[in-house]
Amino acid sequence: MKKIYYRLLIAVLIMPLCATAQKVRVAVAANAQFVSEALATEFKRTTGITAEMIVGSSGKLTAQIEQGAPFDVFLSADTKYPQALYDKGLTTQKPKTYALGVLVLWTIKDIRPSLPILARSQVKKIAIANPELAPYGQAAMECLKVNRISGLLKDKLVIGESIAQVNQYLLTGAVEAAFTARSVVMDPELKDKGNWTVIDPRTYHPMRQGVVILKTAANAESAQKFYDFLFSDAAKKIFEQYGYR
């Protein structure tokens, strides 16, 4: 009887250790940097599994995955990049849209954001993510072209590697305006920094944010749990709080 008791005791002591040892490595597009932290916190609370977030531009993360980077799940700013990985046989399934991204124009505090004001002298520099690597940068360029002001503003544009670098340019005062994600300006720590306005979604292609599980996932079970969690009511509520559609 004592042996059974001690075995049960050891099992109880070991179980929490096993739970805390679980981890999933998630490659995250920079626009989702802040919401992903909130998602990781809720995921940890409900499953006991740690989600480690690796942030970068969608294009750069895709290149890293193709070169064998040890990620389990990939959250892209659109479905283009995960679709490319699927076509190359690197994912367990086709990409699935987990949210729709929203583009905003963000300015420093003494400037009221609008497209016309970008041409005025008080705006000397405008940050935009590299349209070759970042869907939000591509959407911003589409917006400028649709409004026929891309040529007028070309000498003011400062290209960032990702949305994260664009945000840094504005927050440090290197630029007076920046095109970024609504999920950034709705983060509790940033929502009172400067002014922002939503860009008309009719001026750029919809940014269907896609997710895939990678075939090389070292933690397949945890990866599947995180993937399923993204489509739960709890995750949807978090996405709404950060301004996704």
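Quick caveat: nothing in here was measured; it's all calculated off a predicted structure.
- Using a distance-only test at 3.5 Å, with no hydrogens or angles considered, a donor-acceptor pair links the side chain of S183 to the main chain of N31.
- Heavy-atom minimum distance, A127 versus V175: CB-CG2, 3.9 Å.
- Considering all non-hydrogen atoms of both residues, K215 and T91 come closest at CE-O, 3.1 Å.
- Within the 4.5 Å cutoff, no side-chain heavy atoms of I111 are placed close to those of N195.
- Judged by distance alone, the side chain of D187 and the main-chain N or O of E189 form a donor-acceptor pair under 3.5 Å.
- With hydrogens and angles ignored, the 3.5 Å screen pairs no side-chain donor or acceptor of Q22 with any backbone N or O of G48.
- For E221, the CD atom sits in a loose shell: 12 or fewer heavy atoms of surrounding residues, nucleotides or ligands are nearer than 6.0 Å.
- A salt bridge links E42 with R45: the distance from a Lys NZ or Arg NE/NH1/NH2 to an Asp or Glu carboxylate oxygen falls below 4.0 Å.
- Checked against the 6.0 Å centroid criterion, the rings of F239 and Y98 qualify as a close aromatic pair.
- The ring of F34 has its center no closer than 6.0 angstrom to the ring center of Y242.
- With contacts defined as side-chain heavy-atom distances shorter than 4.5 Å, the pair D72/I213 does not qualify.
- With respect to the salt-bridge test (charged N to carboxylate O, under 4.0 angstrom), the residues K236 and E240 do not qualify.
- In terms of modelled atom types and a separation under 3.5 Å, the side chain of Q209 and the main chain of L100 share no donor-acceptor contact.
- For K96 and F231, the positive end sits near the middle of the six-membered ring, less than 6.0 Å away and at most 45° from its axis.
- Closest approach of L152 to A119, counting heavy atoms only: CD2-CB, 3.7 Å.
- Formation of a donor-acceptor pair under 3.5 Å by the S58 side chain with backbone atoms of A77 is found in this model.
- Between the side chain of T41 and the backbone N or O of E37, at least one donor-acceptor pair lies under 3.5 Å.
- Here the straight-line distance linking atom CG of D78 with atom CD of Q138 works out to 7.5 Å at 0.5 Å rounding.
- Summarising the geometry, atom CG belonging to L144 is positioned 5.5 Å from atom CD1 belonging to I128; distances are rounded to the nearest 0.5 Å.
- Listed for the R25 side chain is a donor-acceptor partner under 3.5 Å among the backbone atoms of P70.
- Side-chain atoms of W196 and M186, non-hydrogen and from C-beta on, do get closer than 4.5 Å to each other.
- Note that CG of L75 and CE of M53 are 7.0 Å apart. Values are rounded to the nearest 0.5 Å.
- Taking every heavy atom of both residues into account, A134 and Y81 meet most closely at N-OH, 4.5 Å.
- A distance of 10.5 Å separates CG of D155 from CD1 of I126, quoted to the nearest 0.5 Å.
- Between K109 and D192, the closest heavy-atom pair is CE-O, 3.4 Å.
- Summarising the local packing, NZ of K60 is surrounded by 12 or fewer heavy atoms from other residues, nucleotides or ligands at distances under 6.0 Å.
- Counting only N and O atoms by type, the side chains of T180 and Y136 include no donor and acceptor under 3.5 Å apart.
- For the residue pair A27 and F71, the shortest heavy atom distance occurs at CB-CD1, 3.5 Å.
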